[in-house]
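Remarks on the structure that follows.
In what follows, chains carry the letters A, B, and so on, assigned in the order in which the sequence lines appear, proteins first and then strands, with residues in each chain numbered from 1.
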Amino acid sequence: MNFDPWIWIGALLSLAIFSFLYKENPVYYVAEHIYIGVINGYLVTFYWHNILVPILFKRLFSGMYLLIIPAFIGCLYFTRFIPRLSWLVRIPIALFMGYYTGLFIPVTIQADIIKQIQATLLTTQNFKMWNAGALGIVWSVILFVGVICTISYFYFSREHKGALRVTSRIGIVFIMLGFGASFGYTVMSRVTLLIGKLQFLMGDWLGIIK
Amino acid sequence: MKIFETLTRIDRRIIFLALGGLIIFSLLFPRFLKVRVFPPVAKLYEAVDKIPPDKALILDISYGPQYQAECEPMAYTVLRHAYKNRTKVLALSLYAEYLGLAKKVLDDVTAEYNRNARSRDDSLIYGRDYVFLGWQPPPIIPILGMGESIAGVYQIDYYGNQTDTLPLMKHIKNYNNVSILVALGGGTGSEKWWAQFAQRKFGLRVGAGCSAVLGADYYPYYQAGQFTGMMVGVKGAAEYEELASSRAKITAERVASERMLSLTYAHLIMIAFIVIGNISYFVTRRKK
Amino acid sequence: MKKKIPLALVFIAGVSGLVAAFVPHPLVKAGDEIMRNDVLRIIQSFAFILALSSLVSVHTSKIRTRRHKWPYSIVLLASFLITSVIGLGGGVSGRGILPTQIGNFNFNIQTIYQNVIIALSTSMFALLAFYMASASYRAFRIRSFEATLLLSAAFIVMLGVLPIGDAISHHLPAFAQWILDVPNAAGQRGIAFGIALGGLATALKIVLGIERSWLGGGGA
Amino acid sequence: MTTLMITLMMALAPPSDVKAYDTPGDGGSSITIEWQLSPDDEDIDGYEIHRSTDNVTFEKVGFVGKGIAQTDDKTRDRERYYYKIAAVKDTARAYSTSQGPFSSAAQWFNTTMWNVLIGFVVSSFFIIFFIYRARKGRSLYIRKIAGLSAVDDAVGRATEMGKPILYSLGLGQIDAIATIASLNIVGEVAKKCAEFETKFLCPTFDPVVYTVSREIVKQSYGTVGKPDRYDPNSVFYLAASSMAYASGICGIMTRERPATNFWIGSFGAESLILAETGAAMGAIQIAGTDNVTQLPFFITACDYTLIGEELYAASAYISKEPLLLGAIKGEDFIKVIIVGLLLVGSVIGLVSRFQILSLFK
């Protein structure tokens, strides 16, 4: 058995979390509240030492007075406590949201539309991607049909009747097969993590296994 | 027929108990499971096995605690394999947080090797046989910079030695003296960066080891030849161990292969519950 | 004014973001970097302070009014305070003004991170293994066409990734990989198109001021 | 020694055909250099890039491995540069002839993104066009979305049982589109809770999202005429770390026992922890996310799941705003264009020699 106090703290907190599997209980609640408290304390440290001090205060005091502007905009969040000025909260939010949505538009067009079209097109070059010889053509065609049928499932402005009903049903087949497969694949990763965790408890802490 | 009714609604705690109990049982009585080796791992093994004596292996250990269980066995088995062949090894981590995990692997495997060494020549000596370069931020700096000069990027190693004074570093100048880099990333995507930058710009061969969750994302890189070989999840590590044991005759403990047994139990019990659920569902529904 | 100024700002900010993506000129790039690395990060830190005030106020009010299970709130506030003091005073690497070591016992913020936060987060992560078992038992039934598909794909993959699947048939692992590479990729790609278009439309609506829920007014 | 060096140099063939040009679509300060590999490429260490401003004194500015025939060099804009490439083996160098002058400049448009620009213009046009049509009062049909019709029942059920409703906006920041869609839905759900006087709980992850959602919920209570029923602590910040957030919500679920859970927004691995704990508590659960990797878990553990774009459609649908609905029609129109592009592109790709893939870089 290991007598390092940190190993004990880690082990007991882990057991407290696992106790939730049986049912909710005071031990879990204590761990939960410690978790939320500690993580926010850690985030305070992070925001202070990694953002506010180096990016704002140090530079502000060394002469970059313009930084007072973002600091002022940031302070507008606190107008929430003053009912007459509370609408000013919208200003930092507008800046934040506006800028990131603007940046988002070209990125998503490039990564999620143009690149995906490229990978789906039926061309001899894409057939070769599979390293499967003539079968590559078959896989590419199945993929192609699957993509188009899945898109049709997300066609909202018409009732799914007739041809659209058929294609959207096929789309669902692809979606569900994919979901099942990625569920199955993820199991392996999560179970391994659990095995590693149990090895820590039984080995590093209790010392009953090697 | 009442039994089937109950079997459609097994309390989740029974499932938890069965799963947890089986894993604990398998850990108490460890046995390893033989696995068939698939081409991605076989190719990686070949590449590491055929490293010429004048060239080195770089091992990038950049996984965090969430992927430790999957990626750590990979680090152990690759490093053992390299040591067994007396391949020169440079280890590094792209993230400061994970240096501790990297150091642990390096210390453990080196000590294990040296315990069986009979003479000084036979044992691994720091600076002559292996070097721990440590960490240089941001990741792109070592990835590109080592193409020109490794000692230029890592002017001091993890222990504070002047890197260019180490005997090993006199021969290993840049990627031209490196046969393959094995990147064990686990969730950060760093394996891709090695392929995108070091591989494309310097023609460095890159092998990857990643979590099972990322396997599908990384497979295209292997298919396109950007990864020379790859290990996916604990199964990939077990396949490598299989080769290390059967071909390189490494006798060390096979952690991943043992975990494969626990993993098999876990999968089987999950599958068993799904089957039980369906049979009893089928029976009770027919009755109605 | 209470709505017009924010709407004008969101438009200006949105167009600047858009321009920054298309224009590589150093002037624009420098502006983009200042915006993302300095301005927005500073603004975000203030939002975090506001959020913390919510955390503290919820729990102090619980303690004051002796609401159901209030003692846990003391645990939360205490661990929050202790960690903050150690982190702020002791510094990121434990070399701050506050001592973070007594004898051999080290308690700087990194040690707390390594031993408390990581222990807790990996344990939560490990719960997933159990929950996958219970969720699959409950939901993977041949109840409907969709559920059957979900079930069979998961079944094949779960077997296929194991040595035992390989022992049943050498084709099983390849088949599992195939499901992942072909039908899964097709489904995901189709979903991705929809998400991209929906995202694009929402982004446009925000920049143009058509989507105003964020003003707090709900709807237009 | 000198003789040895000369013989070595003579044995080494230099690279040829050195070409250089201003790197396209960048912010300047970069010149791209290309060359033909040395015939001795197999044996050499790599290539050195040498640069000069006067074509007389050259300095080494870069190095690439063997087998590589292209690189870029950091430059000062408008300065004129000459380049030569050396094949390197140990101390031996075989230089190509020098080429130049070349200079770099900053561009005002990233020419490699022309296809993105076209995509942007075309899709914005259709989305705005259909929004405009909707504004004129054209009625639009939107197919039924299963999770949405359940919202009313879910709120009603919680009211009957006298239990609260829990709504999570996910782990995305305010710039995540899923979060914004979720903000639309949270307002409507809060309105229903206000009407039925059902207790409403909204633990948040991101600080900025916290500030926004608080305003929205407060406003919702005002809209239905019950501002006094609004509890300022109903929307609260929990923790900006995924597993801490999950552990907190698990605790809240077991203490407050909500009858209905909404998981709408962007989620990571914690999705199953949330949904499975909720399912074990017997709550009705409605989920919606655009994180494809988490959808399988919501599908298995929740009663209703809005898949990807359904979430955005739902947010437009639930607000019954014709302008928002118009955008959906526009999106559908673009889908038809995409399918058309796929079909036409494939035909061109199969029958002609035209490199169709190059259009979609």
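With a 4.5 angstrom heavy-atom cutoff, A/Ile91 touches chain C via backbone and side-chain atoms both. Contact annotation for A/Leu43: both backbone and side-chain heavy atoms come within less than 4.5 Å of a heavy atom of chain C. Interface remark: A/Phe81 contributes side-chain atoms only to the contact with chain C (heavy atom separation under 4.5 Å). Interface residue A/Ala119: backbone and side-chain heavy atoms are both found under 4.5 Å from chain C. Looking at A/Cys149, neither its backbone nor its side chain comes within 4.5 Å of chain C, counting heavy atoms on both sides. With a 4.5 Å cut-off on non-hydrogen atoms, A/Ser152 does not touch chain C at all. When heavy atoms are compared at a cutoff of 4.5 Å, A/Tyr100 approaches chain C solely by way of its side chain, counted from C-beta outward. Both the backbone and the side chain of A/Asn50 come within contact range of chain C, with heavy atoms under 4.5 Å apart. With a threshold of 4.5 angstrom between heavy atoms, C/Ile156 does not approach chain A through any atom at all. Residue contact with chain C, scored on non-hydrogen atoms closer than 4.5 Å, is absent for A/Leu198. Contact of A/Ile34 with chain C is made through backbone and side chain together, with heavy-atom distances under 4.5 Å. If you measure heavy-atom distances from A/Phe154 to chain C, the contacts under 4.5 Å come from the side chain alone.
One distance of note links CZ of A/Phe179 with CG of C/Asn184; it measures 9.0 Å at 0.5 Å rounding. Separating the CD1 atom in A/Ile105 from the CG atom in C/Leu204 is a distance of 4.5 Å, to the nearest 0.5 Å.
Centroid-to-centroid, the aromatic rings of A/Trp6 and C/Phe107 stay 6.0 Å apart or farther. Residues C/Phe48 and A/Tyr47 place their aromatic rings such that the two centres sit under 6.0 Å apart.
Taking the six-membered ring where tryptophan is involved, the planes of C/Tyr72 and A/Tyr29 are perpendicular, since the angle between them exceeds 60° and thus also 30°.
A heavy-atom distance below 4.5 Å is found between the side chains of C/Ser121 and A/Tyr35. In this structure, the side chains of C/Ile191 and A/Tyr153 stay at 4.5 Å or more apart for every pair of heavy atoms. Proximity of A/Phe183 to C/Leu151: side-chain heavy atoms (C-beta onward) are nowhere separated by under 4.5 Å. The shortest side-chain heavy-atom distance between C/Asn115 and A/Leu13 does not fall under the 4.5 Å cut-off.
Between chain C and the residues A/Leu67, A/Val30, A/Thr192, the most heavy-atom pairs under 4.5 angstrom are made by A/Val30.
In this structure, A/His33 contributes its side chain and C/Pro71 its backbone to no donor-acceptor pair below 3.5 Å. A donor-acceptor pair is defined here as one N or O able to donate and one able to accept, closer than 3.5 Å; such a pair exists between the side chain of A/Lys197 and the backbone of C/Ala119.
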Inset, instruction - Show the numbers, then the answer: is there a side-chain contact (heavy atoms from CB on, under 4.5 Å) between C/Leu55 and A/Asn40? - result: CA-CA 9 Å; C/Leu55 184 81; A/Asn40 281 303; 3.5 Å; yes
